[in-house]
Trainee: 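Starting off with a structure, shown below.
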2 protein chains.
Amino acid sequence: MTHAHGDRLRRPTMVDVAQRAGVSLKTVSRVINKSPHVQQDLIDRVLESAAALGFRRNHNASTLRSGLPTATIGLLIEEIANPFYSTIADVAAEVARHHETLLITASSEEDPAREQQLLRDLCARRVDGLLVVPTGADHAFLRPEVELGVPVVFLDRPATGLLADTVLLDNRGGARDGVAGLVAAGHRRIAVLLDSLSVYTMHERVLGAQEALAAAGLAWDPSLVRQDVRDPAAAGRAVAELLDRADPPTAFFALNNRITVGALQELWRRRSDAGLAGFDDFELSHLMPRPLTVVAYDLRAYARTAAELLFGRIGGDHSAPRTVILPTRLVQHPSP
Amino acid sequence: MTHAHGDRLRRPTMVDVAQRAGVSLKTVSRVINKSPHVQQDLIDRVLESAAALGFRRNHNASTLRSGLPTATIGLLIEEIANPFYSTIADVAAEVARHHETLLITASSEEDPAREQQLLRDLCARRVDGLLVVPTGADHAFLRPEVELGVPVVFLDRPATGLLADTVLLDNRGGARDGVAGLVAAGHRRIAVLLDSLSVYTMHERVLGAQEALAAAGLAWDPSLVRQDVRDPAAAGRAVAELLDRADPPTAFFALNNRITVGALQELWRRRSDAGLAGFDDFELSHLMPRPLTVVAYDLRAYARTAAELLFGRIGGDHSAPRTVILPTRLVQHPSP
DNA sequence: ATGAAAGCGCTAACAC
DNA sequence: GTGTTAGCGCTTTCAT
């Protein structure tokens, strides 16, 4: 009864493989790492032994000793279930794969404390670089890592308290175009629905909307602005409230696609012919049962820019930090 | 000129922290790991030193020596940009977080060779467990890992060549219900659109559709079955071809939501009143411009079942492998 | 309560 | 070509 049920066998190491093959540890290392100048005879014996024992090289031990990159990068986003972020993750994984690198994906859920903890956890695992969609919090705690040579690229929002590569959208220009489109369609009372001004992108988009109104000689009416619209249901409620006023708006500008979808649902439910434009395109937007204008952009190119910037840094590019701004374009969807 | 520009400083280690604090390496280890019985005085000195140097404990070295779990699991899916998989990733990360574990997400792109490589890479990083949506290929190569105690849970499709926990949908029952619904609505010529029979879920769903037709006394007409419908555009073309026949079908059953969306677009474009039912719900399905029936299920609960099964195993549950089948339900969406 | 020494699995540096 | 030794950064074991 030497191997009772439940025995947890120790994982075979290079020493085990070497003993079984009758060679030295170093020869096993050479074979496993495909280094040249090893006799074919020994190669065969080592590979046979490794296969028989089910040997798998311990990548963590390997990088610990060699000091080579861990071939792992960290991606910090808000929540992976959101198509915006899952597309970013997809592109990041795709670029990472071209560099034979795996991706640890972590979601901050918009919580700065959680974000900081996750970034520390990623650094503790000695990732080769970080791709971060930051919360609004301070990122100065990352400075030691950056100074020690861990590249960090920020995407979609700038970092605070840290100078690093940043890839952003033309939020202001896109919002300006969206509102200008509504104005061109004859609207004078345009409601604006947003999540929170404390989110960088929202703040920029509000500025763009204000610019467009000002350019048209229209006043910014705070009573037509609804904040804290955090999901489609809230957007629907906001639209309902605004339309039920004595002086309702004739058009709505939604500052992200979740708000757009919720607003659209409520407008359609009422068969309202109010104008609607929204920031971000979304799947099936061209199938919506009523006209809709969206501020669109190439999300995959956006994410690819950031990921390739990161691998450029990992590859040794030590030039000054860059900020890249991606353009947007207005897409009009008529009724289907 | 001791620190010329471009100097890559060595990362501080516990030894560096110890020297600066005037204590031993072991004391630093105790403080960093919050072990008891250390004088407050020394704790303060160590923490000050660690902060000043920007020390970050090397998690890889730590788990190497201690043999403790790496607090990292691997998720292998097909492609993270697909909402089905990104929802799974979200739930997996959520469950992992409750176990203070990070998630490495890798996409096989439905390529068995790539899947095998990725699973090996994950094992090389000594993940504590694997959550796998397998391709059709053989998974016997994972046997050494499983025997060495690395838990593996398969989701959505069973593994071949390996006995392990598996979480599946009631694909057959769901497809049966979907087709039965079309039959109940009076349809006798029902086209079936699918990706590939080599995918487990597709195969099961075809069997369910056949069962429903047989139960209604209807023959299975191979000329109404379209395979290799891999994306919405292909689905649209398949629908167009079938409708342009001399004896067109009066209804369509789409075996996944991408096919459903493509079929719906083409039906709507033609203002066809053909029946449409599809496997999988999708976002905004209730906003589509024409009636639609979907075979729905609780995707988050599905993924949670698998993730919790995995952490049960990681936590020491060595009972016999289980197979769990999640039910589906039929949801009818009238015109909006 | 603190520290010295050994060693996790692997690779670098140097023999032979 | 192959083996021996030391050591990556950390934790364990065992002194004191």
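Each chain gets a letter, A, B and so on, in the order the sequences are listed, and its residues count up from 1.
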Trainee: Side chains of A:Ser108 and A:Glu78 only: does a donor on one sit below 3.5 Å from an acceptor on the other?
Mentor: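 Distance-only check fails for A:Ser108 and A:Glu78.
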Trainee: Can you say whether the rings of B:Phe154 and B:His139 are parallel (under 30°), tilted (30 to 60°) or perpendicular (over 60°)?
Mentor: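 Ring orientation, 0 to 90° scale: perpendicular.
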Trainee: Send over the distance from A:Gln40 CD to D:dG1 P, rounded to a whole Å.
Mentor: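 Value for this atom pair: 14 Å.
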Trainee: Can you check the B:Asp41 CG to C:dT2 P distance for me, whole Å?
Mentor: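 In whole Å, C:dT2 P and B:Asp41 CG are 9 Å from each other.
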Trainee: Check the distance between C:dC8's P and A:Arg57's CZ and give it to me in whole angstrom.
Mentor: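 Rounding to the nearest Å, CZ of A:Arg57 and P of C:dC8 are 19 Å apart.
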Trainee: Can a donor-acceptor pair be found between the side chains of A:Ser319 and A:Asp317 at a distance below 3.5 Å?
Mentor: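 Yes, A:Asp317 and A:Ser319 have a side-chain donor paired with an acceptor closer than 3.5 Å.
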Trainee: In whole Å, I'd like the distance from the CG atom of A:Leu25 to the P atom of D:dT4.
Mentor: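 Distance, rounded to whole Å: 10 Å.
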Trainee: If I take atom CG in residue B:Asn58 and atom C1' in nucleotide D:dG7, what distance separates them, rounded to the nearest angstrom?
Mentor: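 Going from CG in B:Asn58 over to C1' in D:dG7 covers 14 Å.
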Trainee: Can you check the B:Lys34 NZ to D:dT11 C1' distance for me, whole Å?
Mentor: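 Atom-to-atom, B:Lys34 to D:dT11, this comes out as 17 Å.
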Trainee: Just compare C:dA12, D:dT2, C:dA1 and give me whichever is closest to any side-chain atom of A:Val38.
Mentor: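 Closest nucleotide to the A:Val38 side chain: D:dT2.
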Trainee: On DNA chain C, nearest-nucleotide positions of B:Ser24 versus B:Leu64: which is more 5'?
Mentor: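 Its nearest nucleotide being more 5', the pick is B:Ser24.
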Trainee: The side chain of B:Thr13 lies closest to which of these nucleotides: C:dT11, D:dT2, D:dC10?
Mentor: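 Out of C:dT11, D:dT2, D:dC10, the nucleotide with an atom closest to B:Thr13's side chain is D:dC10.
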Trainee: Does the C:dA12 base have a donor-acceptor partner in the side chain of A:Lys26 within less than 3.5 Å?
Mentor: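 Flag set: donor-acceptor pair detected.
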Trainee: Within the pair B:Thr27 and C:dT2, is there a side-chain N or O less than 4.0 Å away from OP1 or OP2?
Mentor: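 No, no such contact exists.
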Trainee: Counting only side-chain N and O atoms of A:Arg56, is one of them less than 4.0 Å from OP1 or OP2 of C:dG9?
Mentor: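 No.
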Trainee: I'd like to know if B:Arg10 reaches the base of D:dG9 with its side chain such that a donor and an acceptor end up less than 3.5 angstrom apart.
Mentor: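 Side chain to base: no pair present.
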Trainee: Rounding to a whole Å, what distance do you find between A:Leu42:CG and D:dG3:C1'?
Mentor: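 Value for this atom pair: 12 Å.
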Trainee: Mind listing the closest non-hydrogen atom pair of B:Arg125 and A:Ala71 along with its distance?
Mentor: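 Reported closest heavy-atom pair: NH2-O, 2.8 Å.
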Trainee: Within a radius of less than 6.0 Å around CD of A:Gln40, do more than 12 heavy atoms belonging to other residues, nucleotides or ligands occur?
Mentor: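 Result for CD/A:Gln40: enclosed.
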Trainee: Of all the nucleotides listed (C:dA1, D:dG1, D:dG9), which has the minimum atom distance to the side chain of B:Gln39?
Mentor: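 Side chain of B:Gln39 sits closest to C:dA1.
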Trainee: Roughly how many Å is it from CG in B:Asn33 to P in C:dT2, rounded to a whole number?
Mentor: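 Taking CG of B:Asn33 and P of C:dT2, I get 15 Å after rounding.
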Trainee: Assuming nearest nucleotide by heavy-atom distance, tell me which of B:Arg30 and A:Ser29 is located more 5' along DNA chain C.
Mentor: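 Comparing both residues, the 5'-ward one is B:Arg30.
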